[in-house]
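In the text below, chain A, chain B and the rest are named by the order of the sequence lines, each starting its count at 1.
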Number of protein chains: 2
Amino acid sequence: MGVTIKDIATISGVSFSTVSKALNNSPLVKPETKSKILKIAQEMGYEPNFAARRLVSKETKTIGLVWPSIERAALSTLVTKINAEVEKNDYSMILSINSTKSAVDMFKRFQVDGIIIFKENDDSSYLDTSYFSNIPAISYGDGNQTGIPFIDVNYKKAMYLAVEYLYQLGHRDITYIGDFSLGDSRQTEKYEGFKEAMKHFHLQLKAQTLLNTGGLDWQSGYRTTNRLLESSNIPSAIIGGSYDLSGGIIRAIKEQNLIIPKDISVIGYDNIPQMGDLETPLTSIGVPVDVLAKNITDSLFQQIQQPDSVPLIQRLEPELKERISCAAKVKKD
Amino acid sequence: MGVTIKDIATISGVSFSTVSKALNNSPLVKPETKSKILKIAQEMGYEPNFAARRLVSKETKTIGLVWPSIERAALSTLVTKINAEVEKNDYSMILSINSTKSAVDMFKRFQVDGIIIFKENDDSSYLDTSYFSNIPAISYGDGNQTGIPFIDVNYKKAMYLAVEYLYQLGHRDITYIGDFSLGDSRQTEKYEGFKEAMKHFHLQLKAQTLLNTGGLDWQSGYRTTNRLLESSNIPSAIIGGSYDLSGGIIRAIKEQNLIIPKDISVIGYDNIPQMGDLETPLTSIGVPVDVLAKNITDSLFQQIQQPDSVPLIQRLEPELKERISCAAKVKKD
DNA sequence: CGAAAAAATAACAACGTTGTTATATATCAT
DNA sequence: ATGATATATAACAACGTTGTTATTTTTTCG
């Protein structure tokens, strides 16, 4: 089919190995012959065969990302950031939206230099380290379930920060709206963290203090908040468990003609810029996506570049980003 | 690094060529040894090296999809469907979220057997056929801008169907809310199609008949609709230009305490199941995603399997899916 | 001028597969 | 039992590169 270095060799009357060196701009070949060969290669429309090249030199300069749940918006920002970070390191990124197992299989076939895994909540397939046959890998969240290094977030700390912030503003009646139905350890940790923080500040847990949405999407947040607002006990502040949930929460509040933050303060989990694009720019807690992206890629590249070093397993600290959805509680008595 | 057929050979005590045949289920190797080898390969976690395979037999059984705009929800459904379709054909799919050019470069490196391109509105880089160096490719939408075969949608027909449907329900005052600011030919074609349909039914174009959102997202739809509803001339029906826009449109209408479809009928463009999951399940027009996915992959596989055939370039016909967001216009006189 | 050193090129072995050809082993008919 | 025929396995040559080693050619300088 295509033009090979052997074709170029016969045309230019040198050996194919000289052609190879000329094309790779090796100092081992005389400048004149080099430029002659380059010219001929150009004219013949030579394109290197990557399969052949990859077979001998072990690097693909590519990392694979497993992302089974493309539909969730919050993660797509992170993926974009990671991609940018990867490019910055002169690597390319390919994505698979299949299950972890079949995605990893494919990445092995393509011999990627590293693998990033976004673990799906409902994907219970356990892959231990050996499955990756020495390909450096890192997973985001839920790392304990795959045997590989992971980057995680200190969710408890996040909830502590949120409660503390609201407490200092004078709030005593705070509701957490999140998904703590089961399985996903990230969600249950937020839930636990909130309870601990409330206890720490000696705040009472009432019937309406912890509301389980049963999902992480907009609708779940919307419905749950409506249920809350229809009741008699409306809290002075709400913490939303995810970006999408928080969108629904805001919506429901506005529909009751309540004003954020005058009537009710809201904090959302997930530290992504889009939080500022919501109808009401939302004060939020979480690890900024840039930090997440940087840590994930750094840890992976460290494994790639120093295969024998102990992989960086991090528990990232969340930050609180003030916007305009929280205000001091006004005493009503 | 990874397990090779030679490793399997030494373990199972046969030659590596026998292993190769066993793995390819050749009839030349005794069933017993075949299954023995297969079992060992399984245990060792063998995955074939694509680069090596590709070097000798020209296939990788992989197709690449270029998808620069991961953030748009409507497309993610299509991607998922295409992935399923690809798997059904015993191929794998990898994704790149980079610009068309660098994505194609990478896919060339990996020697994928075919490429699917989702063209980004603002990506003006023109790649002619030769850039793909004979790799079969197909683009979805905006195909004329890359020199390669494309699958497109008859957007004019879609708008005709929508207007016709509303006309038959008695609506005479219909507003189109969409993004026809510039560039994206898909959007301008919807816009033109709407105007033609209105003309065909002898309906008047008033000041509020065509509203340009300047974007395709939820917020754009929401803002534009609010502006419309604050004016004195409220139409009896609205057509939304995309899934996300339509979400914003519904929201704005509800906030004005108008009821869909009693007070106002709404049709949305994009024929995806999620249309039914909106607050008000929306009657919609568009090519069903399954049909789109099937056509895209079919055309690509046809090119792969019969390289000399003329590629299927299709202009798909939209369909109208009735849900509950439209009602007959009630005469008020 | 001629040997040693340097520079340029050629030869060859990998890389991990597949496909073809050659060899060993089992099966069969006579 | 013996050669002929299947059947099973092994050996080996590709595929198009890169990197290492061997050979040739050129330069240097005593």
Side-chain angles (χ1 to χ4, degrees), chain A residues 1-38 40-41 44-62 105-113 133-135, chain B residues 1-38 40-41 44-62 92 108-113 133-135:
Chain A
M1 296 281 129
V3 182
T4 76
I5 55 172
K6 287 184 183 173
D7 301 329
I8 302 176
T10 51
I11 296 280
S12 44
V14 297
S15 78
F16 76 91
S17 53
T18 307
V19 175
S20 170
K21 285 168 189 56
L23 293 173
N24 290 317
N25 198 24
S26 159
L28 272 57
V29 37
K30 189 159 63 172
E32 302 171 43
T33 40
K34 192 186 288 184
S35 61
K36 190 184 81 180
I37 291 172
L38 248 54
I40 292 177
M44 296 179 75
Y46 171 75
E47 290 284 342
N49 182 324
F50 293 105
R53 176 180 291 174
R54 196 154 73 247
L55 201 53
V56 31
S57 73
K58 287 301 197 184
E59 277 191 333
T60 54
K61 286 274 184 187
T62 306
D105 284 347
M106 189 172 58
F107 290 151
K108 285 205 283 192
R109 294 194 285 262
F110 277 120
Q111 319 243 117
V112 298
D113 296 338
S133 35
N134 289 321
I135 302 176
Chain B
M1 300 280 130
V3 182
T4 75
I5 55 171
K6 288 183 183 172
D7 300 330
I8 302 176
T10 50
I11 296 281
S12 45
V14 297
S15 77
F16 74 93
S17 52
T18 307
V19 173
S20 169
K21 284 167 191 56
L23 293 173
N24 290 315
N25 198 23
S26 158
L28 272 60
V29 36
K30 189 159 64 173
E32 301 171 43
T33 40
K34 192 185 288 183
S35 60
K36 188 184 84 181
I37 292 172
L38 248 55
I40 292 177
M44 296 178 75
Y46 170 77
E47 287 292 335
N49 182 325
F50 274 10
R53 173 181 290 176
R54 174 76 203 201
L55 201 54
V56 30
S57 76
K58 297 297 192 186
E59 278 188 332
T60 53
K61 287 274 184 186
T62 306
S92 303
K108 283 206 287 192
R109 261 181 277 145
F110 280 114
Q111 318 242 127
V112 298
D113 294 338
S133 35
N134 289 323
I135 302 177

Are A/Phe107 and B/Glu47 close enough, and set up right, to give a side-chain contact (heavy atoms from CB on, under 4.5 Å), and what steps lead you there? CA-CA 10 Å; A/Phe107 290 151; B/Glu47 287 292 335; over 6 Å; no
Measure across B/Val19 and B/Ile37 and return the closest heavy-atom pair with its distance rounded to 0.1 Å. CG1-CG2, 4.0 Å
side-chain contact (heavy atoms from CB on, under 4.5 Å) for B/Leu23 and B/Leu38? Distances and angles first, verdict last. CA-CA 6 Å; B/Leu23 293 173; B/Leu38 248 55; 4.0 Å; yes
Shortest non-hydrogen contact between A/Met44 and A/Val3, atoms and distance: O-CG2, 3.1 Å
What residues 16-26 of chain B contributes to the DNA chain C interface at heavy-atom separation below 4.0 Å is B/Phe16, B/Ser17, B/Ser20, B/Lys21, B/Asn24
Spacing between B/Arg109 atom CZ and D/dG16 atom C1', to the nearest angstrom: 18 Å
Here the distance between atom C1' of C/dA26 and atom CD of B/Glu32, to the nearest Å, is 13 Å
Expressed in angstrom and rounded to an integer, what is the separation of B/Leu55 atom CG from C/dC15 atom C1'? 9 Å
Is the backbone of A/Lys21 close enough, under 3.5 Å, to the side chain of A/Lys34 for a donor and an acceptor to pair up by distance? no
Protein-nucleotide distance (B/Ile8, atom CD1; C/dG16, atom P), rounded to Å: 12 Å
Check: B/Arg54 side chain, B/Gln111 main-chain N or O, donor-acceptor pair, under 3.5 Å: yes
Based on the rotation axes of five pairs at each end, what angle does the helix from C/dC1-D/dG30 to C/dT30-D/dA1 bend through, to 10°? 60°
B/Lys6 NZ to D/dA10 P, in whole Å, measures 15 Å
Can you list the steps and then say if B/Phe50 with B/Thr62 is a side-chain contact (heavy atoms from CB on, under 4.5 Å)? CA-CA 10 Å; B/Phe50 274 10; B/Thr62 306; 3.4 Å; yes
Starting from the C-alpha separation in whole Å, work towards a yes-or-no answer on side-chain contact (heavy atoms from CB on, under 4.5 Å) for A/Asn49 and A/Thr4. CA-CA 8 Å; A/Asn49 182 324; A/Thr4 76; over 6 Å; no
Quick check: do B/Tyr46 and B/Ile8 have side-chain heavy atoms less than 4.5 Å from each other? yes
A/Thr60 backbone acceptor or donor facing A/Asp113 side chain under 3.5 Å: yes
Are B/Thr18 and B/Thr33 side-chain neighbours, meaning at least one heavy-atom pair lies under 4.5 Å? no
Distance test, side-chain N/O of A/Ser15 to OP1/OP2 of C/dA10, below 4.0 Å: yes
Dump every N/O contact between nucleotides 4-8 of chain C and the protein below 3.5 Å, one line per pair.
none

